[in-house]
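First listed ligand is number 1; within each ligand, the first listed atom is number 1.
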Amino acid sequence: MTCYDCTLQDRTDTAAIGVCARCGLAACRDHARVLVAQVSQGNGMGPSTGPVAARRFVCTACHTAERAY
Ligand SMILES: [Zn+2]
Ligand SMILES: [Zn+2]
């Protein structure tokens with residue numbers, strides 16, 4: 001799969017390393033952010049957060065948008 005942002009820049013030699021969790025587009029290492037996400041689960045006593053952090057893969061466009069407000 002080719003990174004979407006790279007194709008916009010006429011770069012087709014980069015391989016996408018993942019798919020953005022928000023927009024679903026493929027992104028390469030340069031055009032994506034791997035964030036730490038907490039996994040929360042409702043167990044009847046309010047949401048609890050697990051001890052192990054999960055990962056969340058988003059492209060730079062969505063990462064910027066999420067931090068814009
Ligand atoms: Zn890229
Ligand atoms: Zn995205």
Side-chain angles (χ1 to χ4, degrees):
M1 212 167 357
T2 309
C3 167
Y4 175 73
D5 282 316
C6 283
T7 61
L8 294 180
Q9 298 166 10
D10 291 325
R11 284 171 59 196
T12 53
D13 56 326
T14 48
I17 58 165
V19 173
C20 174
R22 182 172 284 273
C23 69
L25 288 172
C28 74
R29 232 164 134 165
D30 289 344
H31 291 119
R33 295 285 176 270
V34 179
L35 310 172
V36 175
Q38 295 296 331
V39 178
S40 58
Q41 206 168 35
N43 61 358
M45 297 171 66
S48 66
T49 307
V52 182
R55 260 183 284 199
R56 189 161 173 270
F57 185 88
V58 288
C59 71
T60 47
C62 290
H63 186 246
T64 304
E66 285 179 3
R67 291 174 152 251
Y69 59 91

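A distance of 7.5 Å separates OG1 in T64 from CZ in R33, rounded to the nearest 0.5 Å. The OG atom of S48 sits 11.0 Å away from the CD atom of Q38 when rounded to the nearest 0.5 Å. Separating the OH atom in Y4 from the SG atom in C23 is a distance of 9.0 Å, to the nearest 0.5 Å.
Around the Zn ion (ligand 2), the protein contributes the following N, O or S atoms at distances under 2.8 Å: C20 SG, C23 SG, C59 SG, C62 SG.
Of all the N, O or S atoms in H31, the one closest to the Zn ion (ligand 1) is ND1.
Here the Zn ion (ligand 1) is the vertex; the SG atom in C28 and the SG atom in C6 give an angle of 110° (to 10°).
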List the steps and the verdict of side chain to side chain contact (heavy atoms under 4.5 Å, CB included) for H31 and Q9.
CA-CA 12 Å; H31 291 119; Q9 298 166 10; 3.6 Å; yes
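Applying the salt bridge (charged side-chain N to carboxylate O under 4.0 Å, His left out) test to residues at least two apart or on different chains, the pairs with a partner in residues 1-20 are R11-D30.
The shortest non-hydrogen separation linking A16 to A26 is CB-CB, 3.6 Å. Annotation for A27 and C59: closest pair CB-CB, 4.1 Å, computed over non-hydrogen atoms.
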